[in-house]
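Just so you know, these numbers use all the heavy atoms, side chains as well, and skip hydrogens, waters and symmetry mates. Being a predicted model, the structure only gives us computed values, none of them experimental. Chain letters run A, B, ... following the sequence lines, proteins first, then strands; residues in each count from 1.
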Amino acid sequence: MFVKGGIFLKNNNKKYNIEYTNKCPECSSSNLTKDYQRGEVVCSKCGLVVHEDIADHGPEWRAFDKGQRDKRARAGPPTKYTLPDKGLSTIISTINRDSYGSSIPTKQRAQFYRLRKMQKWGRLGNSSERSLSYAISELNKLCSQMNLPRNIRERASMIYRKAAKKNLVRGRGVESVVAATLYIACRIMGLPRTLSEISDISGLKRKDIGRTYRFISRELKLRINVPTPLSYVSRFCSELKLSRKVVEKSSDILKEVIERELISGRGPVGVAAAVIYISTVLCDEKRTQKQIANVSGVTEVTIRNRYKEITEILDINLEI
DNA sequence: AAGACGAAAGTGGTTGA
DNA sequence: TCAACAACTTTCGTCTT
């Protein structure tokens, strides 16, 4: 056990090791960058995503002197949208002691037992709250299977709450709304996942998730930007175990592609896949179209079509 | 044998009348 | 609401390495 800012971290925790050793397992460079917004630790030398889903253990505010700190400090953890009651509930303790620490007489213990039971019922009593807690457990399942950082989880459940409040879940199935809110949260936080990825893991149909996603974003008037191909590049590259060089090459090519307006109307995932393919060939770290197709979820044909267009217009020669 | 290529037909979403 | 349309997928035969 180690202590950091009053928080105990377990020794066997993988996150702990990475954050504290600060060495890349691939090239053992100590130049790791933490990106709390993306929830990733990236090696600046080789581009390996050393760890995803890092948590920010610090408070969400900053204080510059003792006065400010005292003013802002408060009891308890920050509120969490992933708990059904946002972590704000009062719970009758199971320890049979009063506020002075002396034990409660046996006579009254039965009474406290009944109180606890009734409070439990009351907390998760009505059906909307029960379905909310079901939705959140589904969300947590999905997120951990997809290795998504905490902030996306929080954002997704925030959106789900809004949807539930507006009665948008009814008749749509909790699972598909959960998947859709997760999809939205990923895009808002700049870590887009494709509909196919979420569909594969949740076991729901891509079409259904897509339809629910459009419905929810329209009804809640969410303004969601179209993801740029760039937001997929680093993730796909790290899944393909490609070096930093390829990532940089890809974003260089992508810049030109965007300038020449080669992406209008094209699916961003296909463009990202094609650019990565080109970069792997140019950087002598070639991956087959099939490998790239597998991680990106578009077909080889699409990669071919995109990369033909791109190489033609940008005058890139892939021979030799 | 594996990878790349491209033609052709099919699918699902968007758009505009 | 419906047809036209572009992007993308699936399938498959052919060529190259």
Side-chain angles (χ1 to χ4, degrees), chain A residues 159 163 168 171-173 175-188 192-233 235-237 239-243 246 249-250 253-254 256-320:
Chain A
I159 298 164
L168 305 179
R172 231 160 280 276
E175 289 91 347
S176 92
V177 178
V178 166
T181 51
L182 185 58
Y183 177 72
I184 295 171
C186 287
R187 279 181 56 172
I188 290 178
R193 308 283 132 154
T194 61
L195 279 175
S196 318
E197 284 173 278
I198 298 183
S199 156
D200 283 346
I201 287 175
S202 66
L204 297 159
K205 290 200 188 95
R206 208 183 77 121
K207 205 170 125 189
D208 289 337
I209 304 174
R211 193 190 303 131
T212 312
Y213 144 70
R214 277 190 299 279
F215 176 75
I216 299 277
S217 62
R218 177 159 35 91
E219 291 296 317
L220 294 182
K221 297 189 174 60
L222 297 171
R223 301 194 65 221
I224 303 163
N225 298 329
V226 181
T228 85
L230 192 60
S231 49
Y232 296 101
V233 166
R235 184 157 60 92
F236 291 160
C237 281
E239 276 180 52
L240 288 162
K241 310 243 180 320
L242 290 163
S243 70
V246 181
K249 190 85 197 163
S250 302
I253 296 173
L254 215 45
E256 277 206 61
V257 166
I258 291 167
E259 262 173 40
R260 308 273 191 107
E261 296 187 340
L262 274 174
I263 52 163
S264 66
R266 272 51 239 249
V269 183
V271 176
V275 168
I276 292 173
Y277 178 72
I278 296 170
S279 305
T280 60
V281 176
L282 290 179
C283 295
D284 229 19
E285 291 182 45
K286 181 157 179 178
R287 298 290 185 275
T288 64
Q289 294 177 353
K290 193 167 195 168
Q291 286 173 306
I292 298 176
N294 275 341
V295 303
S296 65
V298 295
T299 60
E300 299 155 69
V301 182
T302 304
I303 297 179
R304 279 202 286 277
N305 292 337
R306 284 304 87 76
Y307 109 77
K308 286 278 169 200
E309 293 167 5
I310 294 171
T311 47
E312 211 165 285
I313 304 269
L314 297 191
D315 207 19
I316 298 171
N317 192 4
L318 292 187
E319 308 302 317
I320 318 157

Without placing hydrogens or testing angles, list every side-chain donor-acceptor pair under 3.5 Å for residues 200-207 of chain A, not counting sequence neighbours.
from     : atom 1 : to       : atom 2 : distance (Å)
A:Ser202 : OG     : A:Ile198 : O      : 2.8
A:Ser202 : OG     : A:Leu204 : N      : 3.3

Is A:Arg193 close enough and on-axis enough to A:Tyr183, meaning under 6.0 Å and within 45°, for cation-pi?
no
Between the protein and nucleotides 5-11 of chain B, list every N/O to N/O distance that falls short of 3.5 Å.
from  : atom 1 : to       : atom 2 : distance (Å)
B:dC5 : OP1    : A:Tyr307 : OH     : 2.6
B:dC5 : OP2    : A:Gln289 : NE2    : 2.5
B:dC5 : OP2    : A:Tyr307 : OH     : 3.2
B:dG6 : N7     : A:Arg304 : NE     : 3.3
B:dG6 : N7     : A:Arg304 : NH2    : 3.1
B:dG6 : O6     : A:Arg304 : NH2    : 3.1

Dot-bracket for DNA chain C, 5' to 3', Watson-Crick and G-U pairs with both distances under 3.5 Å, [ ] for crossing pairs, | for partner on another strand, reads |||||.|||||||||||
According to salt bridge (Lys or Arg N to Asp or Glu O under 4.0 Å), who are the partners of A:Arg214, at least two apart in sequence or on a separate chain?
none
Could I get the full list of side-chain hydrogen bond (donor to acceptor under 3.5 Å, both in side chains) partners for A:Arg287, not counting sequence neighbours?
none
Contacts of A:Arg304 that satisfy salt bridge (Lys or Arg N to Asp or Glu O under 4.0 Å) - sequence neighbours left out
none
Name every donor-acceptor pair, under 3.5 Å, that has one atom in a side chain of residues 268-277 of chain A and the other anywhere in the protein, sequence neighbours excluded.
none

A:Thr311: partners by side-chain hydrogen bond (donor to acceptor under 3.5 Å, both in side chains), with sequence neighbours left out:
none
Below 4.0 angstrom, which residues in residues 199-214 of chain A have at least one non-hydrogen atom near DNA chain B?
A:Lys207, A:Arg214
A:Ile313: what forms a side chain to side chain contact (heavy atoms under 4.5 Å, CB included) with it, not counting sequence neighbours?
A:Arg260, A:Leu262
Every protein N/O lying under 3.5 Å from an N/O of nucleotides 1-8 of chain C:
from  : atom 1 : to       : atom 2 : distance (Å)
C:dA7 : OP1    : A:Arg266 : NE     : 3.4
C:dA7 : OP1    : A:Arg266 : NH2    : 3.1
C:dA7 : OP2    : A:Arg266 : NH2    : 3.4
C:dC8 : OP1    : A:Gly267 : N      : 2.2
C:dC8 : OP2    : A:Arg306 : NH1    : 2.1
C:dC8 : OP2    : A:Arg306 : NH2    : 3.3

A:Glu239: partners by salt bridge (Lys or Arg N to Asp or Glu O under 4.0 Å), with sequence neighbours left out:
A:Arg235
